[in-house]
Amino acid sequence: MSARGDQPRTPVLRQEYRPPAWWVDHVELDFDLDAAETRVISRISVRRNPEVDSEPLTLSGANLDTRRVEIDGESVPFEERSGDEALVVENVPDRAVVTVEVLIHPDRNTALEGLYRSGAMLLTQCEAEGFRKITWFPDRPDVMATYRVRLAGDRQRFPVLLSNGNCVEDGELEDGRHFAVWDDPFPKPSYLFAIVAGELDVLEDTFTTQSGREVKLKIYSEPENITQLDHAMDSLKRSMAWDEERFGLEYDLDVFHVVATHDFNMGAMENKSLNIFNARYVLADRETATDADYEGIESVIAHEYFHNWTGNRVTCRDWFQLTLKEGLTVYRDQEFTSDQRSRGVKRIQDVSALMARQFPEDDGPMAHPIRPERYVEINNFYTATVYEKGAQVVRMYETLLGRDGFRRGMDLYFERFDGQAVTCDDFRRAMADANDTDLEQFERWYRQVGTPTLEADTRFDDDSGELVLTLKQHLSDHRDNRNLGALMIPVKVGFLDADNRPLPVTLAGESESGPNTRLLVLTDSEAEFRFSGLSADALPSLLRDFSAPVKLEFDWSSRDLARLAGFDPDPFSRWRAMRGLSERVLGDWIEGREDHDADLLVEAWAAVLDDSDRDPALAAELLSLPSEGELAQDRSPVDVDAIHAARKKLVQLLGRQLEMRLLERFEALAPSGDWSADGPDAARRRLRNVALGLLAAGGSDGADQLASKHYEQADNMTDRLAAFRILTHNELEGGDRALADFEQRFADNPLVMDKWFTVQATRADASAVDDVHRLMDHSAFRLNNPNKVRSLIGAFAMGNPVAFHRADGAGYRLVGEVLNQLDDFNPQVGARLATTFNRWGAYDDKRAAMMKEQLQKLADKKGLSPHIEEIVTAALKDRSGG
Ligand code: B3K
Ligand code: ZN
């Protein structure tokens, strides 16, 4: 046996996938739990894979203090070296039980990966490669095994002992200790393994599946938060019912656990039957959670639950296939929310989030396909591209095959692959085979990099009397796109007549008139579509419902955008037209041109306000402006101050010109009955707060009193937070009072204090840098808590361009310094934050140089983590500014 030491970091390549030389059929784990030092004994039943060339058994491990290695009970000598990442065990018989004993140190685990401590609780996070921090193992997703886990620990400190599957035994031990044995009959990859130990309270309920089995549902939190679990429980039950109804998918074990923790690197984790959640996606009550929090909880609970089938029962063969489970599961949670709430509004929110977060990735130094070709650190690829763009790609199957066709594909996918680790190609073939159709060309969506452009043009052919639509597609100029060929792009189109009524869309040559929205499929780099029965002035509405993740280019007049914004039957198209119009006004101002469209925009907003009773949630979406970050996206060089000034001017203009209407809305939308978290009530609150925000920005007389009163009388967090933000961001009279009151009211609630930090970090003023510095010393702030880092530093770097890009570089230095520290103890969270320097090359020379300096400092740091190294190296190589 030998052990290999530190390997240079070379990228892993998708094309180099090889099946494992050894399978693991069964895993037995024995934990002797203690925060300072936990003893782990693993017995893994290995079996040589006859289908690949013989290789010694190679196990992955990190930071393990190895005490013993045995093959079939015979101890084998091993070399102990710190930093070892591979343990190569020679001469293992074709079938054997390998026993390993290691010591690990949860208390010292600041990266929050593997077994770590959060408050008094011990818990695990294994995806993607955290299991190797618990024991030596072939820690890759195509190695699937059944697990039996024995947990032992002090009964007082760890009254609750949980792992995956069913509890098959528990009991007392000597010295005040106790134990529990958990058995998970479903084979799973190691990344889905989990344990939790601690003093937790539980909310219990049951769900009866469609086949009549009763499932115990248990949601755990610290005892003081036990009253805040009802919404999560309700969301879970609705998710379970929805998955049966929509996809025929039933839960498969007798118990389902959710555990909330305050120290978590991301949102939540779908460990088999033991989902672990960031507390912010579990805990809610009226006083402390906003309507957006309620919706977030509902969708993350659903997402992790849905992973039980899309991710756990059918999992990924290798990490390049991540979008197989993530894109699909995001698509499923989006559908769930659409069915529970408003489909049109949800679509707008999802697409606008995609444009705000994923489009910049596609444009930046780390641009990658939804199925990446290479990675250094896989944790850097849990991106908006893999998740959100991946979900759009899944949605295109549904668009192309229809809802029933998509369901047939899903059914076949589970029929073929239940219990297996598979690929995106397997999924695509199931979709194709179930529908007896060819989806070979569709595969290119998994390989293309960047956001494709769809160029559209219309003309009227006088000879034939047909309206002709030309569509052309372009891929971005990336080396991986060379020789890829054309994509298969579903494009939903419609037309409005001169009175803004929808017209039937009939292709030339068809005898019957077509539907009002028509699906065209572009399969060549350019194609022409001819329509009959449309006059030359029919107004095209293109890419309805955002039927493909592309950038659409079409030369609408501002007047036409206003018409679409007001009358298109597709809510998404209305939103995009309204965005187009505001971007035009803002673009003119940013570039110092005179505008021609501001009046048109005011008129369009007035119309939305007048009509807002019908659908207040949609109205609130329509009355939104692109953020400063989004306005910076396609600009180079980015003029931070001009963008800020233009946006501010527009908000003021809208606030002033619409003052009477906004006041009327604010009064009319006042709550009439008891508070409820339901969609319609939340929508009214939302629109009301939009109105108040505009009034304040417009400098309306009395806006400060109105906002202060709104703050003081709020009986829920949505209104209180909105009022606090409006007071602070507009520097209104009463702002200081609200700031102090909010802090004092919620000092004991870390999730609400996160909001308090964010409001201050995002005040668009150069002095916010100093506030952030000061707040880092606040007693509620901890740099070793990811939620705190995100709510203060992340919010500052990503949501406050004016201060982050402060001319003297103070914003950059602050983030650079934080990154330097995070690199030492939580590189995963650090790497995310490091992407805020990605577009350094798009700024003026002075700013570019200062941002680059921060990147270079990190790059030069001795012992820099591979996580941050991968991000900064890519950023430094990229001078284009994206
Ligand atoms: N699968 C996890 C994410 C794991 C992230 C690892 N760095 C949560 C989710 O997507 O549901
Ligand atoms: Zn997921």
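For ligands, and for the atoms within them, numbers begin at 1 and follow the listed sequence. These numbers come from a predicted model, not from an experiment. The first residue in the sequence is number 1, and the count goes up from there.
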Which residue and non-hydrogen atom of the protein lie closest to atom 8 (C) of ligand 1, and at what distance in Å? A268 O, 2.9 Å
Determine which of the N, O or S atoms in H307 is closest to the Zn ion (ligand 2) and give its atom name. NE2
Among the N/O/S atoms of H303, the Zn ion (ligand 2) lies closest to NE2
E245 atom CD: more than 12 heavy-atom contacts under 6.0 Å: no
Restricting to N, O or S atoms of E326, which is nearest to the Zn ion (ligand 2)? OE1
Atom indices of ligand 1 within 4.0 angstrom of N379 heavy atoms, with elements: 6 (C), 7 (N)
Evaluate whether atom CZ of R280 has more than 12 neighbouring non-hydrogen atoms of other residues, nucleotides or ligands under 6.0 angstrom away. no
Heavy-atom closest contact (N109 atom, E113 atom, distance): ND2-O, 2.7 Å
Distance only, no hydrogens: is a donor on one side chain within 3.5 Å (strictly under) of an acceptor on the other, for D426 and T423? yes
OH/Y281: more than 12 non-hydrogen atoms of other groups inside 6.0 Å: no
Quick one: does E113 get a heavy atom under 4.0 Å from ligand 1? no
Heteroatom distance test (Q125, ligand 1): nitrogen or oxygen, under 3.5 angstrom: no
Heavy-atom contacts under 4.0 Å between K325 and ligand 1: side chain, backbone, both, or neither? side chain
When only distance counts, is Y382 in polar contact with ligand 1, meaning an N/O pair under 3.5 Å? no
With K272, the side chain to side chain donor-acceptor pair (under 3.5 Å) member among D252, D184, N164: D252
Around R403, counting heavy atoms of other residues, nucleotides and ligands shown, do more than 12 lie under 6.0 Å from its CZ? yes
Check ligand 1 against H307 and write out every atom of the ligand that is under 4.0 Å from a heavy-atom position of the residue. 9 (C), 10 (O), 11 (O)
Which residue and heavy atom of the protein sit nearest atom 1 (N) of ligand 1, plus the separation: E127 OE1, 2.6 Å
Is the distance from the Zn ion (ligand 2) to some N, O or S atom of E270 under 2.8 Å? no
I'd like to know if the side chain of R347 pairs up with that of S338 as donor and acceptor (distance under 3.5 Å, no hydrogens or angles considered). no
For ligand 1, which atoms, with element, lie under 4.0 Å from some heavy atom of E270? 1 (N), 2 (C), 8 (C), 9 (C), 11 (O)
